[in-house]
Amino acid sequence: MRIDVYIPLFLPLLLTAAAAQVGRRISPAPAARVLTVAAVLTAAASTWALLLLAATLVNEAPLVATETGETGGACPSRCRWPSPSPRSPFSG
């Protein structure tokens with residue numbers, strides 16, 4: 001995977017380091033606006049990067065691959081999730 005996906009995850013660290021400098025050099029009202037916009041953009045970029053990383057795992061899930069018909073040659077019977085609870089001998 002390319003490094004482009006991971007860069008937005010490190011942006012909050014850079015924002016943390018830059019926030020103190022911006023807070024000292026700019027008056028409080030504009031500094032609050034600038035840091036708020038920067039925080040929102042950083043959060044959006046981090047969320048997008050996490051969504052891209054999660055999207056790469058969707059094709060790995062057997063149920064999703066089976067439903068979309070992209071089993072990759074695997075037998076659909078092998079693509080089933082195990083039952084979350086074992087079958088009880090008392091259930092009919």
Side-chain angles (χ1 to χ4, degrees):
M1 183 156 285
R2 295 181 56 172
I3 190 129
D4 300 345
V5 177
Y6 297 105
I7 289 174
L9 299 176
F10 293 111
L11 285 178
L13 299 174
L14 294 174
L15 181 62
T16 303
Q21 297 296 325
V22 171
R24 286 188 207 120
R25 294 177 188 216
I26 302 175
S27 61
R33 289 186 196 109
V34 168
L35 292 176
T36 300
V37 169
V40 168
L41 291 175
T42 303
S46 297
T47 302
W48 181 250
L50 290 174
L51 284 172
L52 289 176
L53 287 172
T56 60
L57 296 176
V58 169
N59 200 23
E60 300 295 324
L63 283 178
V64 175
T66 303
E67 289 177 6
T68 60
E70 298 176 6
T71 57
C75 175
S77 64
R78 288 187 274 164
C79 295
R80 298 197 182 173
W81 292 100
S83 175
S85 60
R87 186 175 174 107
S88 171
F90 301 109
S91 65

Task: Single-linkage hydrophobic cluster, 4.5 Å side-chain cutoff, L9 and L13 together - done: yes

Task: Single-linkage hydrophobic cluster Y6~L14, side-chain heavy atoms < 4.5 angstrom - done: no

For residues 23-43, tabulate all N or O donor-acceptor pairs below 3.5 Å that involve a side-chain atom, not counting sequence neighbours.
residue, atom, partner, partner atom, Å
T36, OG1, A32, O, 2.6
T42, OG1, A38, O, 2.7

Open item on the list: Show the nearest heavy-atom pair for residues S46 and P8, with the distance to one decimal.
Closed with: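 Of all heavy-atom pairs spanning S46 and P8, the closest is OG-O, 3.0 Å.
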
